[in-house]
Every structure is written in structure tokens, then in C-alpha cells.
**Q** 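Provided herewith is a single structure, encoded as C-alpha cells, for subsequent inquiry.
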Amino acid sequence: MSSTTPDLARIVSDIADEMRERPDRGEVATYIPELARVGADAFGITVIDADGTVVAAGDSETPFSIQSISKVFTLTLALGMVGDRLWRRVGREPSGSPFNSIVQLERERGIPRNPFINAGAIAVTDVILSGHQPREALGEILRFMQFLAQDPTITIDEAVAASELRTGFRNTALANYMKSFGVLDNPVDFTLGVYFHHCAISMSCRQLAMAGRFLAHSGRNPSTGHSVVSPERARRINAVMLTCGHYDGSGEFAYRVGLPGKSGVGGGILAVAPGKASIAVWSPGLDASGNSHLGRIALEALAKRLGWSIFGA
Ligand code: GLN
């Protein structure tokens, strides 16, 4: 048992209580119709410390659509497959643009700014798909999530995937545009099919915090001893999360929270306190940049009360 645990438990439950009471809840995403069915009332949080102690509050066991949080894991997989050659296909600079923006692609000849905006994540998915059938690539991604979370029950929400497939005109445009520059190797509908499905993976805060533990501990899950990536790679993935994980809200997230983090339009955020903890929060209402409104506020409170910002207490 960690000596910090009683304090951590109190802080986490205080934050969950505070979040439940707040009237400002953000706006649930509606551009993927299936996501609009979720109410804005939910709030969940799970913190897993270095000892593996799980501290949770609120709706921490309810599965939600992880959406763009899946991009952390597809980046990890693609780096494992092709190593630094991945960076020929995608940059690692913040975009300062919305997650689904197309504007930079023309000037930068179809090379997306980073692996976390939609265009970049579609390019990363295309790398994972190469040499495989879409079903195999998707199975690989899902099994990776199950392995990291140590939970074989994690599944894809087919209704969410189908909903995005029907309405994902913007992502289809991004993929076709990149294809015209030769940045995608596979048929556009195959790449998009895998992309929409990995965004539609459902996980709870607890499962997500488990899956993120290797990023908090130099590439290794300290409880199982499983080494997932090298310490150098974990550090670099965290760096990209810090600079690009919240799109055009990344500067604000670094300023307020001070932790590497990745958001998704399902309202989840995975955050990493290096050496200390893996944290997942979920609140479906979003801010103007498409990041969880209360999720960010909760992480800001947590990092502040525990002195966990990587920039100092
Ligand atoms: N699947 C979503 C999309 O492509 C993911 C976006 C997000 O979570 N920011 O639009």
C-alpha cells in the first residue's frame, strides 16, 4: 500500500463530488449521432498509482467511447511496427487547428502535423493496416488494448462505428486528400473502416487508466513487469501527448493541468503523471475545442492538490 493512498482517495472523492455538483457541463458531441445518446451528467475518475493501487470515484466502471484516446495506442503500435520511419508519414508538431481541420494538409503536401489530429491518426492507422486485412489490423489493436488493460472483455461498440461510418464525411475528405499525395498506401475505405472502429472501442476509466500505466512508468507496467516500449519511446509518446493531445486546446491543458494527456470526443481523457500515476477521467460534455470540459477541470484540481504538474508544484 502506498503511503499517499489515504490522501489520494480523499482528494479523488472530493473532486468527484465537486464535479457532480457543477452546473457547467459542456456540450455532448452530436456530430457522431450515436454519441449524442449519452447524457452529460456522468462523471468518472480512476487514478492508479505506482504501486498499482486503484483509487476511483463516480462512474469509473461505466464504459464509454474512447474515440481519439485510441490514437495514443495506435501510435504506440505503429512505432513498434516501423519505428522512427513513422515520422516520414506524420509530423510531431502541434497544429493549433481543430482536430478535424484540413487547412494545413495542402500546404504541407498531405503530411499531417501530428498523430493525434484526425488526419495524422488516419495516416498512422494506414501504417498499421499495411500487409494485413482490415479485420486483422483491428483485431491487433483491440488485443493490444485488452493486453494493456489486462481485461479481455473490452470490445468495440459497433453502433458507434456504424454511426461514424455513415456520417464521417470530413474524415473521408481528409483520407482522400492524403491519398492524393500518396501518403496512404491502402484503399481509403479500408483505412477509414479500421480508424472508425478503433475510435469506437468502449472502455471504462478503470480500464483506460490500467492501459496507460506503461506511459507513467518508463514503458513498463510495474505490476506485471511487462515491458511495452523502451523508456525513450514512452518519454517521447508523453511529449507528443503534452504538445498535441488536446488539439488547439493543448497549450491551455499544459498551462492548467501540466500533464501529458489525450482527450476523445466521447468525453474521456487519459493523463500521465510520470513516475506517479496513470489517470483516466470521463465526463461527456465538451468544451469548444472538443475536449472534456469537466474532465479537464477535474485533472487541473487533481494535479494542483497533489503537486503533480510536470512543471513543478
Ligand atoms: N472518431 C472521431 C473523429 O474522427 C475522433 C475525434 C476525437 O475524439 N477528437 O472525428
Side-chain angles (χ1 to χ4, degrees), residues 26-38 63-75 90 94-102 105 112-126 128-129 134 138 141-142 145 156-178 184 188-203 208 212 240-241 243-250 252-253 261-271 280-293 295-296:
E27 298 288 329
V28 175
T30 53
Y31 78 98
I32 302 174
E34 196 64 23
L35 292 183
R37 294 156 56 98
V38 181
F64 60 89
S65 194
I66 67 168
Q67 292 295 323
S68 287
I69 304 171
S70 62
K71 298 170 183 176
V72 174
F73 302 97
T74 50
L75 171 65
V90 62
S95 68
S97 303
F99 63 86
N100 57 2
S101 172
I102 201 166
L105 275 181
R113 272 288 172 97
N114 68 67
F116 293 153
I117 51 172
N118 286 7
I122 292 167
V124 168
T125 300
D126 187 72
I128 295 174
L129 178 55
L138 198 56
I141 296 166
L142 185 61
M145 300 311 298
I156 292 168
D157 186 332
E158 285 295 340
V160 172
S163 182
E164 192 166 7
L165 205 55
R166 275 196 306 276
T167 56
F169 305 112
R170 190 75 81 97
N171 286 322
T172 306
L174 292 170
N176 278 304
Y177 203 59
M178 287 190 287
L184 302 187
V188 163
D189 53 337
F190 282 21
T191 303
L192 282 174
V194 176
Y195 170 79
F196 291 144
H197 279 81
H198 75 62
C199 286
I201 293 172
S202 278
M203 291 171 76
L208 208 48
V240 183
M241 285 173 77
T243 53
C244 310
H246 284 73
Y247 320 109
D248 46 341
S250 298
E252 186 71 4
F253 190 83
K262 181 75 206 81
S263 69
V265 289
I269 302 177
L270 172 66
V281 292
W282 172 53
S283 177
L286 309 179
D287 64 18
S289 303
N291 301 312
S292 175
H293 174 67
R296 198 265 293 147

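It should be emphasised that the depicted structure is a prediction, and the values quoted were computed from it without experimental measurement. Just so you know, residue 1 is the first one in the sequence shown, and it goes up from there. Atoms considered below: every heavy atom in the structure, side chains included; atoms not considered: hydrogens, waters and symmetry mates. Start at 1 and go down the list; that is how both ligands and their atoms are numbered.
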**Q** Of all the atoms in ligand 1, which lie at a distance below 4.0 Å from a heavy atom belonging to Y247?
**A**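 Answer for ligand 1: 7 (C), 9 (N).
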**Q** Could you tell me whether a side-chain N or O of K71 sits under 3.5 Å from a main-chain N or O of F116, the two making a donor and an acceptor?
**A**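 It does hold such a pair.
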**Q** Counting distance only, does the side-chain N/O of Q67 pair as donor-acceptor with the main-chain N or O of C199 below 3.5 Å?
**A**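 Indeed, once roles are kept as given, a pair shorter than 3.5 Å links the two residues.
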**Q** Nearest 0.5 Å, please: how far is NE2 in H246 from CZ in R296?
**A**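 The CZ atom of R296 sits 9.0 Å away from the NE2 atom of H246.
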**Q** If you measure from CG on L165 to OG1 on T172, what distance do you get to the nearest 0.5 Å?
**A**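 So the gap between those two atoms works out to 8.0 Å.
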**Q** Identify, by atom number and element, the atoms of ligand 1 in contact range of G264, meaning under 4.0 Å from any of its heavy atoms.
**A**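 Per the distance check, 8 (O).
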**Q** Geometry only, no angles: is K71 polar-contacting ligand 1 at N/O separations under 3.5 Å?
**A**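 For ligand 1, there is no N or O atom that lies under 3.5 Å from one belonging to K71.
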**Q** From atom 3 (C) of ligand 1, work out which of Q67, H246, E164 has a heavy atom at the shortest distance.
**A**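 Minimum heavy-atom distance to atom 3 (C) of ligand 1 goes to E164.
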**Q** Keeping the roles fixed (side chain from N291, backbone from S263), state whether a donor-acceptor pair exists under 3.5 Å.
**A**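 A pair under 3.5 Å: no.
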**Q** Counting from 1, what ligand 1 atoms have a heavy atom of C199 closer than 4.0 Å?
**A**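 Once the distances to C199 are compared, the set is 1 (N).
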**Q** Is there a heavy atom of F196 sitting under 4.0 angstrom from any atom of ligand 1?
**A**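 Distance cut 4.0 Å: F196 fails for ligand 1.
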**Q** Any donor and acceptor pair, going by atom type alone, linking the side chain of K262 with main-chain N or O of G245 inside 3.5 Å?
**A**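 Answer holds: yes.
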**Q** Determine whether a donor-acceptor pair (N or O, by modelled atom type, separation under 3.5 Å) exists between the side chain of S292 and the backbone of S283.
**A**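 Indeed, once roles are kept as given, a pair shorter than 3.5 Å links the two residues.
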**Q** Tell me: protein heavy atom nearest atom 4 (O) of ligand 1, and distance?
**A**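 Going by distance alone, atom 4 (O) of ligand 1 is nearest to Y195 OH, 2.6 Å.
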**Q** Give the atom numbers and elements of ligand 1 that come within less than 4.0 Å of a heavy atom of N171.
**A**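 Reading through ligand 1 atom by atom, the close ones are 3 (C), 4 (O), 10 (O).
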**Q** Quick check on contacts: which atoms of ligand 1 are under 4.0 angstrom from a heavy atom of N118?
**A**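 Atoms satisfying the 4.0 Å criterion: 3 (C), 4 (O), 6 (C), 10 (O).
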